[in-house]
There are 2 protein chains.
Amino acid sequence: MALTAKGRATRQRIIEGAAAYLRSDEPAGVTLDDIRAITGTSKGQIFHYFPDGKEELFLAVARHEAGRVLDDQQPHLGALTSWAAWGRWRDSVVARYHAQGRNCPLGALMSQVGNTPGATEVVSSLLNRWQFHVQEGIEEMQEAGLVRPGVDPQKTAAAFIAGIQGGVQVLRTSGSITHLEAALDTLIDYLKN
Amino acid sequence: MALTAKGRATRQRIIEGAAAYLRSDEPAGVTLDDIRAITGTSKGQIFHYFPDGKEELFLAVARHEAGRVLDDQQPHLGALTSWAAWGRWRDSVVARYHAQGRNCPLGALMSQVGNTPGATEVVSSLLNRWQFHVQEGIEEMQEAGLVRPGVDPQKTAAAFIAGIQGGVQVLRTSGSITHLEAALDTLIDYLKN
DNA sequence: ACCACAGTGGACCAGTGAGTCCAGAAAACA
DNA sequence: TGTTTTCTGGACTCACTGGTCCACTGTGGT
């Protein structure tokens with residue numbers, strides 16, 4: 001499929017329009033027709049740019065959103081080299097999900113597209129990169145003598161990822177952000193002790 | 001709606017059949033017709049026992065499954081009064097979800113029924129009870145002098161819930177149970193330190 | 001025995017949503 | 001300018017699914 005400049009623009013418009021839609025208001029089911037209406041496109045265009053239909057489109061949107069997740073945590077996530085930096089990172093995560101509220105674009109995508117290999121790959125890749133940043137942060141803190149050597153960086157980073165994911169999930173279902181805060185605060189406290 | 005013994009049995013058969021179906025194999029979308037076929041019932045019966053249709057039925061199944069979640073952790077969850085008890089509880093949680101694998105009946109239900117008030121109520125109620133048991137365990141350990149007084153029982157219990165939820169979610173998408181283990185181990189370690 | 005009501009089966013309906021198809025407009029390119 | 005390819009619009013098909021309806025059967029009470 002050779003794309004001209006116009007074609008690329010349209011394709012991008014579809015992805016970003018769909019992403020914005022998911023971010024603003026997460027209906028139970030997102031249909032191709034919703035996306036078509038919102039992005040001002042036609043059925044023909046959607047299937048022209050995403051020949052495999054819904055799954056391919058949703059996966060593209062998911063990749064787009066996955067990129068944002070880590071970007072929104074920068075530059076803090078990439079430089080967890082002091083307790084102050086950890087605090088700023090913690091705040092940025094809380095702020096991000098507080099702003100997002102109950103609408104979780106990635107979550108919505110996942111529940112639509114199901115457990116296809118492509119979908120799990122997108123999420124796994126995101127979680128891996130995320131965890132790796134945290135792990136690096138812990139290791140740097142250890143090297144600086146700010147975290148005791150007994151802490152297992154990889155395992156603790158995994159606990160962070162789990163805590164954040166669970167906190168976000170509780171936020172999605174109950175609307176309360178306290179669990180996310182509790183998870184982050186408790187684990188940072190664990191590092192400090 | 002007055003139910004005879006036969007009626008009650010049929011209703012229960014529908015709920016348990018649906019629950020078993022979700023537990024054994026979690027398809028992307030569960031239809032009423034699937035449930036009808038599996039439970040050997042007819043459309044008429046389903047709407048006779050669940051006049052509000054799909055949502056009412058799924059909510060009933062969700063409540064049924066939510067009950068199992070805590071039951072499966074007993075008696076450990078109810079008596080977190082020693083480090084050995086905490087270890088047994090940790091193992092029972094890991095074993096339960098390891099056995100369940102990627103199929104999360106409650107998760108499947110939630111992604112189908114969406115964010116209706118009834119659905120959030122079922123999950124919130126489950127999470128609250130769960131968290132309360134953990135909080136009680138922490139408080140008892142503090143009273144026994146086994147956990148330092150500086151630990152905030154409520155907040156730490158919330159972190160446990162978040163960590164478990166996130167660990168299960170990672171298990172669902174990636175198939176790996178390490179995050180769940182990491183979350184539990186790290187938080188228990190936090191209590192011990 | 002009778003009757004009222006619960007239980008059961010399944011045909012049927014209507015809305016919906018993914019995906020197809022093709023005709024025509026707009027670019028790219030020679 | 002002509003032609004080939006990409007882009008766009010929208011009508012249409014087709015399958016599926018939740019839900020309705022109603023006739024028929026079983027059962028418990030009097």
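Reminder, nothing fancy here: chain letters follow the sequence lines and each chain counts from 1. The basis for the numbers below is simple: all heavy atoms, side chains too, and nothing from hydrogens, waters or symmetry mates.
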- Task: List the steps and the verdict of salt bridge (charged side-chain N to carboxylate O under 4.0 Å, His left out) for R36(A) and D33(A).
- Result: CA-CA 5 Å; R36(A) 192 196 52 66; D33(A) 223 52; 3.0 Å; yes
- Reckon G7(A) touches a base, only the sugar-phosphate, or nothing at all at heavy-atom distances under 4.0 Å? sugar-phosphate
- Item | Distance in angstrom units between F47(B) CZ and dG19(D) C1', rounded | 5 Å
- Message: Tell me the interatomic distance from K43(A), atom NZ, to dC14(D), atom P, rounded to whole angstroms.
- Response: 15 Å
- Task: Take atom CD1 of I46(A) and atom C1' of dG19(C), then tell me their distance rounded to the nearest Å.
- Result: 11 Å
- Message: Could you tell me how far apart Q45(B) (CD) and dT8(C) (C1') are, to the nearest whole angstrom?
- Response: 5 Å
- Take atom NE2 of H48(A) and atom C1' of dT20(C), then tell me their distance rounded to the nearest Å. 15 Å
- Query: For DNA chain D, whose closest nucleotide is more 5', that of T4(B) or that of E55(B)?
  - Reply: E55(B)
- Query: Are side-chain N/O atoms of H179(B) and Q131(A) paired as donor and acceptor at under 3.5 Å?
  - Reply: yes
- Message: Walk me through whether R68(A) and R23(A) qualify under side chain to side chain contact (heavy atoms under 4.5 Å, CB included).
- Response: CA-CA 12 Å; R68(A) 288 174 48 101; R23(A) 232 174 294 131; 3.7 Å; yes
- What integer distance in Å separates K54(A):NZ from dT20(C):C1'? 17 Å
- Query: Base, sugar-phosphate alone, or nothing: which one does G53(B) contact when heavy atoms must sit under 4.0 Å apart?
  - Reply: sugar-phosphate
- Measure the distance from CG on D52(A) to C1' on dT20(C) and round it to the nearest whole Å. 14 Å
- dA28(C) P sits how many Å from L3(A) CG, rounded? 12 Å
- Examine dT8(C): is either OP1 or OP2 under 4.0 Å from a nitrogen or oxygen in the side chain of Y49(B)? Give yes or no. yes
